[in-house]
Structure formats: structure tokens, C-alpha cells
Amino acid sequence: MSTVAEIFKTMEYGPAPESDKEALAWLGKHERVFGHYIDGAWTEPGDTFDVVNPATAKVIARVTNGTTDDVDAAVDAAKRALPGWRALSAHARARYLYAIARGVQKHSRLLAVLESMDNGKSIRETRDIDVPLVARHFYHHAGWAQLLETEFAGYEGVGVVGQIIPWNFPLLMLAWKIAPALAAGNTVVLKPAEFTPLTAMAFAEIVDEIGLPPGVVNIVNGHGETGAAIVDHPDVDKIAFTGSTEVGRIIRKATAGSGKKLSLELGGKSPFIVYDDADLDSVVEGVVDAIWFNQGQVCCAGSRLLVQESIQDRLIAKLRARMERLRVGSPLDKAVDMGAIVAPVQLERIKGLVQQGVDEGATMWQPSWACPTDGYFYPPTLFTDVQPSSTIAQVEIFGPVLVAMSFRTPEESVALANNTPYGLAASVWTESINLALDIAPKIKAGVVWVNSTNLFDASAGFGGYRESGFGREGGKEGMWEYLVRSRGTGRAASRRVKQAPSRAAAGAKSAARGSSSESPAIDRTPKLFIGGKQARPDGAYTRRIQSPSGATVGESPEGNRKDIRNAVEAAHAAKGWSRATGHNRAQILYYIAENLAARADEFAARIDAMTEVGRRNAAAEVDASISRLFSYGAWADKYDGAVHNVPIRGVALAMNEPIGVVGIACGDTHPLLGMVSLVAPAIAMGNTTIVVPSEPHPLSATDFYSILETSDVPAGVINIVTGARDTLATVLAEHDDVDAVWYVGARDGARAVEFASASNMKRTWTFLDDRDWLDRDEGEGREFLRAATQVKNIWVPYGE
Ligand code: NAI
Ligand code: MG
């Protein structure tokens with residue numbers, strides 16, 4: 001007789017395979033070959049490529065490689081479908097999204113098995129995580145569709161959306177893309193990843209089944225070139241991409257200056273931080289979910305284990321014991337922990353990076369058992385003795401490979417966590433809520449999980465900082481990515497009425513006035529304003545500033561690359577500003593307003609001299625600037641985040657954080673108000689700034705120095721460099737220590753800024769110089785506050 005304990009010890013797992021019968025029947029029905037889904041119909045298969053099951057290395061289907069003609073047809077269908085889709089009531093669109101959610105649930109078994117066969121991930125994950133989250137995403141966004149008109153008043157869908165997705169969560173990434181796009185009233189052309197197209201084909205069938213109008217969702221198969229054809233298509237209004245940072249950078253450059261909206265969800269090297277008071281048994285299970293979930297092919301995988309030195313040995317021992325018991329095997333076996341790697345190329349990449357880790361001197365550990373050899377399997381792998389600067393500590397491996405490093409103090413943990421060009425996610429493990437909520441805001445990442453990891457929900461935004469991309473998916477914050485300010489409302493008409501007098505009219509007026517004594521004398525050469533001090537420009541050049549009618553108004557310094565570098569350094573040194581309270585920032589904005597009001601006449605005279613708009617218009621501009629400063633003083637402590645209603649026992653805190661160092665290149669209409677309208681929201685939200693004022697009319701900015709000096713603005717929060725605006729804006733966009741660039745001006749300048757921004761994937765916000773800054777709807781408010789912030793979602797589960 002054996003005891004229960006003995007039975008447990010000797011008990012072997014038998015195989016518990018999920019049936020693939022239904023999936024095979026579905027593939028058979030399609031004769032295992034697929035075209036594209038365009039305009040509500042399947043195209044004839046063309047030139048095809050193989051779809052391989054990574055667990056068996058066998059070809060299970062073939063799909064068509066999309067040509068530019070295919071992409072043209074799909075975009076054309078989406079464009080034709082757009083007016084009809086838009087004309088539907090929000091409620092009607094909500095019903096369609098709801099029907100898609102129901103369809104996903106009805107076919108959940110087929111989808112889960114198909115996903116597992118196509119990608120190699122375990123059926124446990126596809127069945128319990130991927131597919132339920134897909135349904136949840138469509139349900140949640142049926143809600144946003146329903147509420148579109150009230151919750152996003154003044155906004156409308158951007159138009160035709162091109163979406164390109166990766167292979168690691170094929171159907172889930174499709175849902176993350178399509179659900180918000182449709183909810184916002186857009187039509188879609190989506191390209192699945194070449195390794196994993198099958199669930200997208202099954203999804204097309206669902207869309208067909210529920211009777212979605214033709215052309216609203218189009219799916220084109222293919223490789224990178226097909227994706228590029230979508231990106232380059234002139235009739236596509238927005239690109240949403242998830243994938244490698246390398247391709248993200250290509251897309252950033254390709255869309256630069258096109259006016260296309262862009263969101264990028266790229267790679268990561270996310271820290272998993274364990275403090276000495278953490279519950280180590282929970283930590284071990286957390287690590288399993290962080291890095292061995294989906295074989296580590298997860299953009300937000302907790303791939304860097306940062307552990308407090310005093311508990312390192314204990315944790316590593318526990319981890320190795322747990323790893324020894326993990327099971328790698330057939331993904332359709334309900335009892336395996338890990339399935340197969342998606343493709344040979346990815347397997348080779350993992351092997352190569354592991355070898356590099358060994359070569360660079362780190363200690364590699366793998367369990368004693370061997371992986372199956374009939375497919376592309378790789379065992380869970382742990383590295384210790386890792387140098388923070390080594391390849392495996394810096395490069396995204398995208399496989400089941402964990403690298404461990406240690407730290408002594410919380411400060412050190414933050415420094416180590418942020419020692420990466422990425423900023424997607426982080427996990428923080430401690431029993432002290434005090435410590436957890438102190439650390440979470442200090443980590444440069446879009447998502448922070450406290451005592452948990454890899455939690456996702458449609459109601460909470462997901463997305464990164466820095467080289468992890470920009471934009472959020474999920475939550476209200478994700479909806480904004482698919483919306484633009486309504487075109488064709490009454491505002492365009494009112495703009496024409498309110499527009500400042502034309503150059504010609506202004507010129508005539510000032511000619512009549514002659515060079516009146518109102519113009520200030522040419523009595524001094526202003527300098528630049530850097531780090532709270534007036535600084536001579538590096539090149540020592542100045543330029544003469546003239547009014548439209550040719551009168552000399554003054555001189556301004558010619559800033560160059562070196563001046564921008566100095567200004568960026570000053571802006572960095574001033575980053576303590578982000579920790580000032582909202583109340584404190586408000587006080588300073590009001591103080592600037594007060595000091596400007598005291599000198600309103602002088603500023604109005606200067607505006608008039610530079611632009612010749614007349615004293616009344618100039619005075620109105622100064623008044624509006626004062627009011628604008630008040631608005632952002634008001635917002636500084638009121639632009640709240642949200643607590644997302646996620647389906648866990650806990651909360652997801654969506655916190656608005658400053659972006660960091662923001663470069664601002666101003667337009668030429670309203671030289672003072674145009675500048676204040678951009679700088680005030682940026683600093684109200686805690687950013688520090690480098691401002692390039694209007695090139696022809698820079699003197700309102702140089703006059704502004706003395707206002708700043710008397711308003712308690714900390715040194716370096718606002719730096720001003722005058723000169724060739726487009727050149728200086730491009731220098732800002734190229735600078736790796738600048739986190740965002742705003743540019744107001746012509747298409748060419750916007751293109752240069754967006755192209756250069758690809759160097760560190762900084763956020764850009766560019767628009768044409770045609771805003772009516774005097775109009776409060778157009779010139780201030782939440783649109784500016786959103787641009788000045790990024791949302792960090794901090795997940796805090798609670799309960800024992
Ligand atoms: P990838 O970025 O090349 O592919 C992602 C998608 O982009 C696919 O649909 C692909 O066809 C498409 N694509 C490729 N080149 C394109 C182009 N020039 N224009 C438009 N679309 C294009 O990623 P890949 O090659 O599959 O994996 C390489 C590495 O990228 C992985 O080892 C991993 O480190 C990382 N990766 C990160 C992902 C994430 O979720 N953050 C997802 C997939 C890969
Ligand atoms: Mg690639």
C-alpha cells in the first residue's frame with residue numbers, strides 16, 4: 001500500500017490532448033488554402049506561402065501573399081465603406097461589435113485550437129487567456145461605440161485605418177486593433193503576421209456571419225512588403241502597428257509628414273523587481289507567468305529579474321526547483337506549461353542570444369529534462385551573474401530566457417530598472433504598499449503591475465514609453481488613438497470670420513501709420529534663454545526682425561545645434577519640476593499671467609510692431625494669453641487620471657504622467673499666444689521645455705524672458721532658442737534626450753521632425769499653422785493636456 005504522498009510523488013502526467021478535429025475540419029472546408037478577405041468576400045488564392053504548425057514542423061495551410069494590387073483593393077473597399085459605416089447610428093455600430101463578441105464566444109473552441117496549432121502556444125493559454133480577452137475586448141468596445149457621441153463629443157473617426165500585427169498573440173492583437181477602430185467609426189485594412197494568419201481567417205468568417213457591411217473590415221495576408229504597401233497607401237489615414245522596434249522605426253520614417261496618425265506598440269525588456277519583504281512563493285509563480293507565459297514571446301515579458309541582494313540566493317534556488325518541474329510539450333496537451341517557439345528563425349535568434357550570454361560570461365541554467373525534438377521547442381532558461389550592460393541584459397530575446405541581477409537599495413532598483421532604451425511594463429513585488437506606490441511612478445514604463453504580472457484588460461490602457469513606442473490600446477485612452485477633432489463643424493467657418501487681418505491689409509495699414517514712435521527703439525540684442533539665464537548664442541550671429549511692411553523691429557539671436565544641446569541639458573537638469581505638486585505649478589502659471597498683465601501694453605505694442613495686426617488685435621492677443629495661462633493654472637491640479645474598472649479584485653490606476661523634456665516649435669500666427677498655448681499645458685503637466693518661437697516674429701518670446709525671471713519659474717523649465725525654426729526643430733527631433741517634439745508649421749517641417757524622431761521613437765505632435773488660437777475650443781483644453789502627458793496604468797490587486 002502506498003500513501004497518498006507517495007502516489008503524488010510517483011504520479012506521472014498522462015497526455016491530455018485537446019481534440020483538433022474541429023480545427024482540421026475547418027481547414028478542410030477551406031481546402032487548406034486562403035486568399036484575402038476584401039469587401040466582404042474571399043479573393044481567389046494567388047501566390048501562396050506555407051503556414052506551419054511549430055509543434056510538428058508540418059505545413060497545415062497555405063495563404064496568399066498580398067500584392068500592392070490586393071492592398072489597393074482592400075483600401076479602396078474600406079474607403080467606399082466609410083461613409084455608410086459613419087452614417088450608421090453609434091448604437092448600430094455598438095450592435096455589430098456586440099455581435100462580433102458573441103461570434104467569438106460561439107466559436108471559441110475552434111479559435112483556441114486553431115491559434116494553438118498556428119502559433120505553438122499552449123491550449124491552456126489560448127482557451128483561458130487569448131480568446132476570452134478577445135471577446136472581452138469586443139464587448140468593452142461595443143460600449144465605447146454606444147457612448148461615442150457623448151464621451152467623445154467634438155471628435156470623429158480618423159477614417160481608413162491600416163493595422164499590422166505580430167504573431168505572438170495573433171487573434172488578441174487583431175481584437176486590440178479592430179475593436180477600437182470600429183467603435184470610433186473607422187474602417188479597417190488589417191494584415192496578420194505571416195507566421196500566424198489562420199485565426200484572422202476564422203475571424204473574417206465571423207465578421208461575414210454576423211453581416212458586418214462589406215468593406216468595414218478587410219484582411220490582407222502577406223509579409224513585410226504587404227505591410228509596407230498598407231503603410232505607404234495615400235488613402236490610409238492612420239497606421240496602428242505592433243511588432244519589432246526595428247520595423248516600428250521604418251514605419252515612423254515612412255509616415256513622416258504624411259499627416260497619418262500613428263500608434264506603435266513595440267518591444268520591451270521589462271523589469272520584474274523583487275524586494276526583500278516580498279512573498280517569495282508568489283514571486284516564483286509570478287516569474288513563471290512573466291517569462292514563461294507564451295514561451296516568453298511577449299512584448300511585456302518580465303525578462304529582467306531584479307532581486308534584492310539579501311534574498312537572491314533563496315529566490316534563485318526556489319526558481320530552479322520550480323523550473324525543474326515545468327513541462328514543455330505538445331501545445332494541445334492541456335497539462336503542458338510551455339508550447340513551441342513560433343518559427344525556426346525565432347528559435348535560432350533565441351539560441352544565438354543565449355550563446356552570446358554564455359560567451360559574455362554569465363551563468364546559464366536549464367532544467368535537467370529535454371524538450372521534444374519534433375517541433376521548435378526551447379527550455380526555460382535562467383541566467384545569473386549577469387552584467388547590467390551585457391547583451392542579454394539589454395536586448396529583447398523574445399523567448400523563455402530570464403536574466404537575473406541584484407540590487408541593494410530601492411534607489412538602485414529604480415536605476416537598474418530604467419537602464420534600458422525600452423519602457424513598456426514592469427512588475428514590483430513587495431508587501432509594502434508604501435514602497436510599491438513609491439517605486440511605480442519612478443519606473444519609465446507604460447504599465448506597472450504590483451505583486452502581479454501580465455494582467456490585461458480591455459478597460460485599461462496598454463502601451464509604452466521611449467523605444468517601446470507610443471499610444472495606448474484599451475481603455476478610454478486607447479480610443480483617442482482612433483479619433484480626430486471633427487472636421488466640418490461650425491468652427492472652420494467661424495475661423496474665417498475671426499482670422500487676423502491678412503498680410504496685405506496689415507501692410508497697408510502700417511504704411512499709413514509709417515514708422516510711428518510706437519515701435520520700440522533698436523536698443524539691445526536679446527540673447528537666448530537657457531537654464532534660467534540669458535545666454536549669448538554659440539554662433540554669435542543675430543538676425544534683423546522686420547515687420548510685414550519692412551520696418552525694422554529689432555534683432556534676435558541665431559541659435560544653433562550647440563545652443564539646443566545646452567537647452568536640452570538645462571531642461572534635463574530641471575526635471576525635478578515633474579515632482580512639484582499641481583498646486584505649486586498652478587501658482588507659478590498664475591504668477592506668469594499676473595506679470596504679463598502688468599506689462600500688457602508693452603507686449604501688445606511689440607506684437608503690433610512685428611505683425612502689424614493693429615493695436616486692438618494685439619491687445620486681444622495679450623489678453624487671450626493671460627486667460628490661457630489661467631486656464632492651465634486651473635488644469636494643473638485638475639487633469640486627473642482614472643481608476644479603471646478591471647475584472648480583478650483590485651484596481652488599475654491610470655495616472656497621467658509628464659512625458660519629460662518636450663521640444664516646442666511654434667507657429668507664426670499669434671507670436672505670443674501661439675507660444676503660450678503650447679508652453680503652458682506642457683509645463684502645467686510637469687514637463688520641461690525647449691521652445692523655438694516663431695521665426696519671423698520671435699521678439700514676444702525674447703521679451704518673455706524677464707517675465708519668466710520674475711515669476712519664480714525654476715531654471716530650465718522653459719528654455720528659449722530663437723532662430724531658423726525648422727532647422728532647430730529637426731535638431732530637437734534628432735536629440736536622444738528629448739522625449740517629445742511639438743511642431744506647428746508646414747508639411748515639410750512636420751515631415752522632417754517626424755522622420756528624425758525615429759532615432760529614439762520620441763512622441764511627436766505636428767499640425768499646420770492654421771489654428772485659431774483665439775478660439776478656446778481650438779486653442780486650449782484636453783487635447784493639449786493629452787499631448788502633454790502619457791498614461792501609466794498601475795495594477796494593484798488586493799486581498800489575501
Ligand atoms: P516584425 O516587426 O518584423 O513583424 C511584425 C509585423 O510587421 C508582421 O506582420 C510583419 O509582416 C510586419 N512587417 C514587417 N516589416 C514590415 C514593414 N517594413 N512595413 C510594414 N509591416 C512590416 O517582427 P518579427 O520579424 O516577426 O520578429 C522580430 C523580432 O521583433 C522578435 O524577435 C521580437 O524581438 C520582436 N517582436 C516584438 C513584438 C511585440 O509584440 N512587441 C511582436 C513580434 C516581434
Ligand atoms: Mg521581421
Side-chain angles (χ1 to χ4, degrees), residues 49 51 54 63 65-66 68 71 118-121 130 162-174 176-177 189-197 199-200 219-233 236 239-255 260 262-270 293-301 303 341-354 376 378 391-392 394-401 421-425 445-447 454 456 462-464 466-471 473 758 761:
F49 58 91
V51 181
V63 301
N65 199 19
T68 44
V71 170
D118 197 3
N119 167 280
K121 61 169 70 189
D130 296 57
Q163 307 184 314
I164 295 155
I165 58 173
W167 41 261
N168 54 343
F169 294 89
L171 189 62
L172 184 58
M173 289 303 103
L174 173 148
W176 281 23
K177 296 281 179 291
V189 176
L190 177 135
K191 190 194 83 64
E194 52 270 44
F195 294 143
T196 54
T199 46
I219 299 180
V220 180
N221 287 305
H223 292 80
E225 299 79 53
T226 314
I230 296 173
V231 169
D232 294 339
H233 200 293
V236 169
I239 295 292
F241 172 78
T242 299
S244 61
T245 297
E246 180 196 351
V247 173
R249 193 165 272 137
I250 293 171
I251 293 177
R252 168 68 289 184
K253 289 182 178 170
T255 53
K260 285 175 189 158
L262 178 64
S263 51
L264 299 174
E265 202 267 90
L266 310 174
K269 190 76 181 176
S270 298
F293 170 54
N294 200 17
Q295 297 71 251
Q297 302 165 127
V298 181
C299 49
C300 52
S303 53
I341 301 298
V342 71
V345 56
Q346 190 61 23
L347 185 60
E348 288 313 310
R349 182 185 155 84
I350 295 166
K351 286 181 180 168
L353 282 162
V354 166
Y376 318 131
Y378 197 82
T391 307
I392 53 169
Q394 290 292 329
V395 171
E396 179 179 49
I397 299 176
F398 228 63
V401 182
Y422 293 113
L424 194 50
V447 187
N454 279 341
F456 311 100
F462 180 90
R466 307 202 281 179
E467 293 201 14
S468 294
F470 44 77
E473 297 187 288
M761 303 307 292

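All ligand and atom numbering here is 1-based and tracks the order in the structure.
- Close contacts between ligand 1 and G267 involve ligand atoms 41 (N) [criterion: under 4.0 Å to a heavy atom].
- Heavy-atom contacts of I165 reach the following atoms of ligand 1: 6 (C), 8 (C), 9 (O) (cutoff under 4.0 Å).
- The two residues V395 and K269 come nearest to each other via the heavy atoms O-NZ, 2.7 Å.
- Of the polar atoms of E396, at least one N or O is found under 3.5 Å from an N or O of ligand 1, judged by distance alone.
- Counting heavy atoms closer than 4.0 Å to ligand 1, residue E225 contributes nothing at all.
- At distances below 3.5 Å, at least one donor-acceptor pair connects side-chain atoms of K191 with backbone N or O atoms of G222.
- Residue contacts with ligand 1 for E194 involve side-chain atoms from C-beta outward but no N, CA, C or O (heavy atoms, distance under 4.0 Å).
- Of all atoms in ligand 1, numbered sequentially from 1 with element shown, those under 4.0 Å from a heavy atom of C299 are 39 (C), 40 (O), 41 (N).
- Judged by distance alone, the side chain of Q163 and the main-chain N or O of W176 form no donor-acceptor pair under 3.5 Å.
- For ligand 1, the atoms lying closer than 4.0 Å to a non-hydrogen atom of G224 are 11 (O), 13 (N), 14 (C), 15 (N), 16 (C), 17 (C), 19 (N), 20 (C), 21 (N), 22 (C).
- Atoms of ligand 1 lying under 4.0 Å from any heavy atom of F241, numbered from 1 in the order shown and given with element: 2 (O), 6 (C), 7 (O).
- Residues M761 and L266 approach most closely at CE-CD1, 3.8 Å, considering heavy atoms.
- Note on ligand 1: F169 sits outside its first shell, no heavy atom being nearer than 4.0 Å.
- Taking E225 as the reference, nothing meets the salt bridge (Lys or Arg N to Asp or Glu O under 4.0 Å) condition, with sequence neighbours excluded.
- For E246, no heavy-atom contact with ligand 1 is shorter than 4.0 Å.
- Counting only distance, with no hydrogens or angles, the side chain of K260 and the backbone of V231 share a donor-acceptor pair below 3.5 Å.
- On a distance-only criterion, L266 and ligand 1 share at least one N/O pair closer than 3.5 Å.
- Set against the non-hydrogen atoms of A228, the atoms of ligand 1 under 4.0 Å away are 19 (N), 20 (C).
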Can you give me every donor-acceptor pair (side chain of residues 293-300, partner residue at least two apart or in another chain, under 3.5 Å) with its distance?
unit_1, atom_1, unit_2, atom_2, d
N294, ND2, N168, O, 2.9
N294, ND2, Q297, O, 3.3
Q295, OE1, G339, N, 2.9
Q295, NE2, A340, O, 3.1
Q297, OE1, V342, N, 3.1
Q297, NE2, N294, O, 3.4

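- Of the listed residues (G162, A193, G227), the one carrying the non-hydrogen atom nearest atom 21 (N) of ligand 1 is G227.
- A heavy-atom distance below 4.5 Å is found between the side chains of T226 and V71.
- Counting atoms of ligand 1 from 1 in the listed order, those under 4.0 Å from a heavy atom of H223 are 11 (O).
- The contact set between ligand 1 and P166, taken as ligand atoms under 4.0 Å from a residue heavy atom, comprises 42 (C), 43 (C).
- Between V354 and V401, the closest side-chain pair of non-hydrogen atoms falls below 4.5 Å.
- V345 is listed as a side-chain neighbour of F195, based on a closest heavy-atom distance under 4.5 Å.
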